[in-house]
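The first residue in the sequence is number 1, and the count goes up from there.
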Amino acid sequence: MNNQEVAQTFSLLADMLDVEGKENKFAILAYRRAAEQIANLDRDINPIAQAGELRSIPGIGQAIADKITALLDTGSFDLLERMKQTIPAGVVEMLAVPDMGPKRVKMLWEQAGITNVAELEQAARDGKLAGLPGIGPKMEAKIIANVEITRNAARPIGPRWASPIL
């Protein structure tokens, strides 16, 4: 794995934990900070890990260093696998749509059964979201517009690690 893949994995983990809403906000911030530090490293993370020097990277403590080592050795680690089993990938991809924060995405997933951007757009177009907490006809229209804007943007919809879904 290269630096960008490791960074994307930790960004994904932070997003999934944020949507789940059970993890300490400081832990989520630590994963985001680790992802940023790894993405901006000016050298390959693999030799750093092999030398046992991951903690020399700012923001990388022992727990995150252990996860990086497992990721580099096996391609995953326990917390990541548990979160992948808990949070559908499409739910996390909804975070790429403007105005879709972790709390709103979690509410849409749990209360309306929406598990991806396509379902979100269709539910909004069908008027099925109005009545959910914080969502009325104006928010439905805004969701439709934001999905369209995101889809038409230069970058594909969804997080960096996801393939385009629309």
Polar side-chain atom of Ser56 near backbone of Glu53 as donor-acceptor pair, under 3.5 Å
yes
So how far is it from Ser11 OG to Ile38 CD1, rounded to the nearest 0.5 Å?
9.0 Å
Does the side chain of Gln62 pick up a donor-acceptor pair with the side chain of Asp66 at under 3.5 Å?
yes
Could you state the interatomic distance from CG (Leu12) to CD (Glu93), rounded to the nearest 0.5 Å?
9.5 Å
Measure from the side-chain N and O atoms of Asp15 to the backbone N and O of Val92, and report whether any donor-acceptor pair falls under 3.5 Å.
no
Under 3.5 Å, is there a donor-acceptor pair between the side chain of Glu140 and the main chain of Ala130?
yes
Specify the closest pair of heavy atoms between Ile135 and Leu129, including all atoms of both residues, with the distance to one decimal.
CG2-O, 3.6 Å
Look up atom CD in Gln4 and atom CD1 in Ile45, then write down how far apart they are to the nearest 0.5 Å.
10.5 Å
Asn40 side chain near Glu36 side chain, heavy-atom distance below 4.5 Å:
yes
Quick check against the 3.5 Å criterion: does Gln111 have a side-chain atom that pairs as donor or acceptor with the backbone of Leu132?
no
Could you point out which residue of Arg104, Lys106, Arg32, Lys103 forms a salt bridge (charged side-chain N to carboxylate O under 4.0 Å, His left out) with Asp18?
Arg32
Steps toward salt bridge (Lys or Arg N to Asp or Glu O under 4.0 Å) verdict (Asp99, Lys142):
CA-CA 9 Å; Asp99 297 319; Lys142 194 172 185 181; 3.3 Å; yes
For a side-chain contact (heavy atoms from CB on, under 4.5 Å) check, start with the C-alpha distance between Val117 and Thr150, then their side-chain angles and the critical distance, and finish with the verdict.
CA-CA 10 Å; Val117 176; Thr150 305; over 6 Å; no
With the 4.5 Å side-chain cut-off for hydrophobic clustering, are Met16 and Leu29 part of the same group?
no
For the side chain of Glu5 and the backbone of Asn2, is there at least one donor-acceptor N/O pair under 3.5 Å apart?
yes
Hydrophobic cluster membership, with links at side-chain heavy-atom distances under 4.5 Å among I/L/V/M/F/W/Y: are Ile144 and Ile114 in one?
no
Checking Glu119 against Thr115: is there a side-chain donor and acceptor pair closer than 3.5 Å?
yes
Smallest separation among heavy atoms of Ala30 and Ile64, with atom names:
O-CD1, 3.8 Å
Side-chain (Asn146) to main-chain (Pro98) donor-acceptor, under 3.5 angstrom:
yes
Do Phe77 and Phe10 make the cut of ring centroids closer than 6.0 angstrom?
yes
Measure the spacing between CG of Leu80 and CG of Leu17 and express it to the nearest 0.5 Å.
9.5 Å
Please say whether more than 12 non-hydrogen atoms of neighbouring residues, nucleotides or ligands are located less than 6.0 Å from CG in Asp78.
no
When you look at Glu121 and Arg125, which way does the salt bridge (Lys or Arg N to Asp or Glu O under 4.0 Å) test go after all the steps?
CA-CA 6 Å; Glu121 181 181 22; Arg125 288 187 185 284; 2.9 Å; yes
Compare every heavy atom of Arg55 with every heavy atom of Ala65, then report the nearest pair and how far apart it is.
CB-CG, 4.1 Å
Atom pair CE/CG of Met100 and Leu108 - distance to nearest 0.5 Å
5.5 Å
When clusters are formed by joining ILVMFWY residues with side-chain heavy atoms under 4.5 Å apart, either directly or through shared neighbours, do Leu95 and Ile149 land in the same one?
no
Stepwise, does the side-chain contact (heavy atoms from CB on, under 4.5 Å) test hold for Leu72 with Thr69?
CA-CA 5 Å; Leu72 294 173; Thr69 301; 6.0 Å; no
So how far is it from Lys138 NZ to Ile143 CD1, rounded to the nearest 0.5 Å?
14.5 Å
Residue pair Gln50 / Asn46, side-chain donor-acceptor N/O under 3.5 Å:
no
